[in-house]
Amino acid sequence: MPIKIVLENGEEGVYPDGTTCMDLYREKTADNKDLIAVLVNGKECDLNLPLAERNVISFVDFDSPKGAAIYRHSAGHILAHAVKRLYPTAKMGIGPAIENGFYYDFEFEEPISADDLPAIEAEMKKIIRERKPIRRHEVSREEAKGIFRAQNETYKLELIADLPEDTVISCYEQDDFCDLCAGPHLNHTGMVKAFKLTGLAGAYWRGDERNTMLQRIYGTAFPSSERLEQYLTLIEEAKKRDHRKLGRDLELFSLHDEGPGFPFLHNNGMIIWQELADFWRREHRLSGYEEIKTPLILNRHLWEQSGHWDHYHDNMYFTKIDDQDFIVKPMNCPGAMLVYGSKMHSYRDLPRRIAEMGIVHRHELSGALHGLMRVRTFTQDDAHIFMLPGQIEAEVAGIIGLMDHFYRIFGFDYRVELSTRPEKAMGSLEMWEKATGILEQVLQDKEINFKINEGDGAFYGPKIDFHLEDCLGRSWQCGTIQLDFQMPEKFDLTFIGEDGAKHRPVVIHRVVYGSMERFFALLIEHYGGAFPAWLAPVQSTVIPVTERSHDYARQVQLRLKEEGFRVNLDSRNEKVGYKIREAQLKKIPYMLVVGDREVENGEVAIRHRDKGDLGSGSINSFITDLKKEIAEKTI
RNA sequence: GCCGACGUAGCUCAACGGUAGAGCAGCUGAUUUGUAAUCAGCAGGUUGGGGGUUCGAUUCCCUUCGUCGGCUCCA
């Protein structure tokens with residue numbers, strides 16, 4: 001019986017029964033080297049799937065995200081296969097593809113170490129050389145249980161037990177290796193051309209810290225060794241932008257054993273910090289914010305009232321003053337609540353946007369600390385907006401606009417997530433649903449792509465989070481907008497409505513940078529330490545060629561200082577090339593070389609760190625240009 | 001906090017069961033230099049802290065602190 005199918009481009013075709021997707025592809029094109037899988041009616045399937053009547057077929061290669069994931073997932077199976085050959089008693093956890101690679105979790109009888117990875121890699125290469133066919137089997141729940149019970153794969157049995165009733169359970173088999181898997185997969189193991197095991201780490205079973213810790217093996221795979229090498233080189237290059245390395249090299253900040261998670265900012269870092277803060281203040285005044293400052297340490301009663309004592313206890317630092325318990329603030333909100341509550345409000349006063357660059361301390365788990373990105377004390381560019389319920393949409397929209405404005409200035413791409421009700425939450429379900437609905441609506445109205453993050457909200461309300469990526473593509477939460485119906489309740493906050501009666505305001509907690517420290521770290525990595533002129537700790541350095549031009553160089557420096565620039569003078573007894581090299585390494589935007597020629601003409605020879613020698617020009621025109629560059633925050 | 005790895009001079013790294021070495025940085029001197037490193041000399045470390053094994057430890061073991069990669073958590 002011939003079978004009629006439709007290709008993605010609308011082309012139709014009739015094929016004999018038994019024709020597989022792979023056959024079809026071979027007929028359509030001469031080259032099948034990176035073909036991974038097919039989409040049958042939009043669903044990913046194996047290449048050896050026989051064609052069926054009226055199927056709409058399209059092909060998936062490595063260069064689509066789906067294709068890469070399938071390819072790497074197959075590499076993950078080969079990893080598990082190799083592990084089972086070398087360690088027959090190892091139990092398999094899960095092994096998905098992830099961005100840029102894959103991993104597989106195992107429980108070994110005796111923990112393995114990174115030294116064991118080469119042997120596993122060698123076994124994987126063997127499996128690849130064997131070109132074992134990868135076959136799909138659909139099985140009943142009982143059959144599936146039987147298979148994995150026989151292999152003593154207790155984690156797989158747990159997975160099976162949790163599969164919904166109507167799930168089609170499938171196994172993928174290569175040689176004597178069999179894994180519970182929805183698929184699809186490559187046709188045979190030989191299709192994995194290049195891979196590398198990149199790491200070994202602990203990971204809780206199902207991501208729950210109450211569960212056993214398994215050993216996770218990370219790897220990546222590419223269709224050619226060239227592309228693998230390219231990727232590995234890229235990673236090496238990216239590591240050079242690590243803010244921890246640049247922070248030391250450029251004397252931005254330091255970390256010390258004496259204060260784990262408590263960063264020290266140096267002068268260069270402080271200059272950038274102040275620029276960020278100045279910019280922030282200007283923008284917030286423009287957007288109708290007022291600014292306050294609240295104490296670092298406040299009485300325990302306040303934190304009991306706010307709910308932090310119950311919900312945030314493990315993360316707080318405590319101290320005692322005159323036999324009374326005090327808490328080092330982990331959040332700024334209770335302070336802001338007191339400020340709001342310190343006077344009567346009319347509905348005409350709202351919204352009231354109260355900002356605070358607030359320093360908070362949180363006792364984070366030691367293993368979670370990470371340079372400036374994850375610390376135990378940081379400054380939140382916080383604000384609490386007190387408003388009428390009817391003002392929520394407009395305020396949330398306004399903040400999203402402000403957030404976008406900020407991130408654009410720095411040239412950041414960002415990702416948005418909507419976090420919903422966590423397990424440990426205050427307030428009624430209805431309240432949560434309503435609040436979450438409002439946030440979702442605003443995002444949709446603004447046509448912003450976002451991901452829903454179930455159960456990741458704050459204990460007092462749902463939130464919209466803004467994520468930025470570091471040099472290695474790890475995602476960090478920065479901006480956040482959190483809706484809160486709880487705090488006004490807890491602090492009995494009111495405003496007088498049109499009707500003359502007391503009403504409850506709604507509160508939004510929001511940060512734009514998020515944590516100044518984290519944002520700073522991300523900026524360092526984003527620019528690779530080469531800050532735009534408006535942020536650069538030193539904006540230009542004057543380089544006299546010989547001692548003859550030192551007087552002139554000093555005049556140039558003075559003139560630029562008077563114009564408000566941050567400018568150095570390198571009057572050391574060194575050659576020009578040496579001084580330029582040092583200025584380059586410090587990533588100073590402009591180098592002004594002054595020798596006999598410049599002294600004579602009253603000019604400066606301008607060199608830009610990226611554009612190189614720009615020739616000579618008048619000091620005045622340099623001043624004009626640099627002022628413009630700074631004012632416009634040119635990246 | 002958990003799993004694994006690591007901790008030698010300011011930085012990057014070397015060595016080794018017999019009390020540590022290089023490059024860069026630093027300091028001193030010479031050199032007066034034109035767009036990414038001038039030359040020479042000097043100085044610099046109780047090998048993260050504590051304990052143990054040993055005739056002897058930086059090297060082996062334990063412990064503790066810290067860092068790194070993950071997990072968990074989160075700005």
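Just so it is clear, the model here is predicted, and its values are computed rather than measured. Below, chain A is the first sequence line, B the second, and so on; all start at residue 1. Side chains included, hydrogens not; waters and symmetry mates left out as well; all remaining heavy atoms used.
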Practice item. Check the distance between B:C39's P and A:Tyr578's OH and give it to me in whole angstrom. Key: 11 Å
Point to revise | Distance between P atoms of B:U35 and B:A20 (Å, rounded) | key: 45 Å
Check your understanding: Within the side chain of A:Arg518, is there an N or O that forms a donor-acceptor pair under 3.5 Å with the backbone of A:Gln477?
Key -> yes
Practice item. For each nucleotide in nucleotides 69-75 of chain B, reading 5' to 3', give B when a protein heavy atom comes within less than 4.0 Å of its base, S when such contact involves only the sugar-phosphate, and - otherwise. Key: BBBBBBB
Review point. What interatomic distance, in whole Å, is found between P of B:G23 and the corresponding atom of B:C42?
Key: 12 Å
Check your understanding: For the pair made of NZ in A:Lys579 and C1' in B:A36, what is the distance, rounded to whole Å?
Key -> 14 Å
Check your understanding: From the list B:U12, B:U38, B:U35, which nucleotide is the closest neighbour of the side chain of A:Asp613?
Key -> B:U35
Exercise for review: Find the partner of B:A5: check Watson-Crick (N1-N3 plus N6-O4 or O6-N4) and G-U wobble (N1-O2, O6-N3) distances, both under 3.5 Å, and reply none if neither fits.
Suggested key: B:U67
Practice item. Return yes if some donor-acceptor pair links the side-chain N/O of A:Glu517 with the main-chain N/O of A:Thr379 below 3.5 Å, else return no. Key: yes
Review point. Going by heavy atoms closer than 4.0 Å, what residues in residues 90-118 of chain A are next to RNA chain B?
Key: none
Revision key, fill the gap. Under a 3.5 Å limit on both distances, the Watson-Crick or wobble mate of B:A37 is none
Review point. With respect to the side chain of A:Asp596, which nucleotide from B:G34, B:U35, B:U38 is positioned closest?
Key: B:G34
Review point. Once the angle between the rings of A:Tyr317 and A:His361 is folded into 0 to 90°, is it parallel (under 30°), tilted (30 to 60°) or perpendicular (over 60°)?
Key: perpendicular
Check your understanding: Within the distance-only criterion (no hydrogens, no angle test), does the side chain of A:Tyr513 pair as donor or acceptor with the backbone N or O of A:Leu276 below 3.5 angstrom?
Key -> yes
Review point. Can a side chain N or O of A:Arg607 be found less than 4.0 Å away from OP1 or OP2 on B:A36?
Key: yes
Point to revise | Span that lies between the P atom of B:C65 and that of B:U28, in whole angstrom | key: 42 Å
Exercise for review: Can you tell me, in whole Å, how much space there is between the P of B:G10 and that of B:C71?
Suggested key: 34 Å
**Study point:** Atom-pair distance (NZ on A:Lys586; P on B:A37), nearest Å
**Key:** 16 Å
Point to revise | Straight-line distance of A:Asp381 CG to A:Arg281 CZ, nearest 0.5 Å | key: 10.5 Å
Exercise for review: Take atom CG of A:Leu585 and atom P of B:U35, then tell me their distance rounded to the nearest Å.
Suggested key: 17 Å
Exercise for review: Could you let me know what B:G21 is paired to, Watson-Crick or G-U wobble, both distances under 3.5 Å, or none if it's on its own?
Suggested key: B:C13
Practice item. Could you work out the separation of B:U8 and B:G49 based on their C1' atoms and round it to a whole Å? Key: 15 Å
Practice item. Determine the interatomic distance between P on B:C24 and the same-named atom on B:C6; round to the nearest Å. Key: 30 Å
Review point. Are the side chain of A:Thr233 and the backbone N or O of A:Glu229 linked by a donor-acceptor pair below 3.5 Å?
Key: yes
**Study point:** Toward the 5' end of RNA chain B, by each residue's nearest nucleotide, A:Gly261 or A:Ile606
**Key:** A:Ile606
Exercise for review: Quick one: label A:Ala605 by what it contacts on the DNA or RNA (base, sugar-phosphate, nothing), any heavy atom closer than 4.0 Å.
Suggested key: base
Check your understanding: Taking the C1' atom of each, how far is B:C2 from B:A75, in whole Å?
Key -> 23 Å
Check your understanding: Do A:Phe102 and A:His73 make the cut of ring centroids closer than 6.0 angstrom?
Key -> no
Practice item. Indicate, with a heavy-atom threshold strictly under 4.0 Å, whether A:Glu251 touches base, sugar-phosphate, or nothing. Key: nothing
Check your understanding: Taking RNA chain B as the partner, which of residues 526-533 of chain A come within under 4.0 angstrom of it by heavy atom?
Key -> none
Check your understanding: For residues A:Ser618 and A:Glu603, is any side-chain donor paired with an opposing acceptor at under 3.5 Å?
Key -> no
Point to revise | Opposite nucleotide pairing with B:U58, Watson-Crick or G-U, both atom distances under 3.5 Å | key: none
Point to revise | Electrostatic pair A:Lys579:A:Glu574 at N-O distance under 4.0 angstrom | key: no
Review point. Starting at CD of A:Glu258 and ending at P of B:G49, how long is that distance when rounded to a whole Å?
Key: 13 Å
Exercise for review: May I ask you to decide whether A:Arg566 forms a salt bridge with A:Glu275, counting only side-chain N to carboxylate O separations under 4.0 Å?
Suggested key: yes
Review point. Which part of the nucleic acid, if any, lies within contact of A:Glu582, taking any heavy atom under 4.0 Å across all strands shown: a base, the sugar-phosphate backbone alone, or nothing?
Key: nothing
Revision key, fill the gap. Heavy-atom closest pair (A:Phe106 atom, A:Leu214 atom, distance to 0.1 Å) is O-CB, 3.4 Å
Practice item. Tell me what A:Arg248 touches on the nucleic acid: a base, only sugar-phosphate, or nothing, going by heavy atoms under 4.0 Å. Key: sugar-phosphate
Practice item. Scan every strand shown for a Watson-Crick or G-U wobble partner of B:U47, both distances under 3.5 Å, and answer none if you come up empty. Key: none
**Study point:** Distance, rounded to the nearest Å, where A:Arg581 contributes CZ and B:A36 contributes C1'
**Key:** 6 Å
Practice item. Using the six-membered ring wherever Trp is involved, compare the ring planes of A:Phe520 and A:Phe531 and label them parallel, tilted or perpendicular (cut-offs 30° and 60°). Key: tilted
Check your understanding: Say you draw a straight line from CD1 of A:Ile217 to OH of A:Tyr104; how long is it, rounded to the nearest 0.5 Å?
Key -> 11.0 Å
Study note, to complete from the structure: Between CD of A:Gln215 and P of B:G4 the distance, given in whole Å, is 7 Å
Practice item. Take the protein atom CZ of A:Arg597 and the nucleotide atom C1' of B:U35, then report the distance between them rounded to whole Å. Key: 10 Å
Point to revise | Pairwise C1' distance, B:G70 and B:U53 [rounded to whole Å] | key: 34 Å
**Study point:** Ring geometry between A:His308 and A:Trp303 (parallel below 30°, tilted from 30 to 60°, perpendicular above 60°)
**Key:** perpendicular
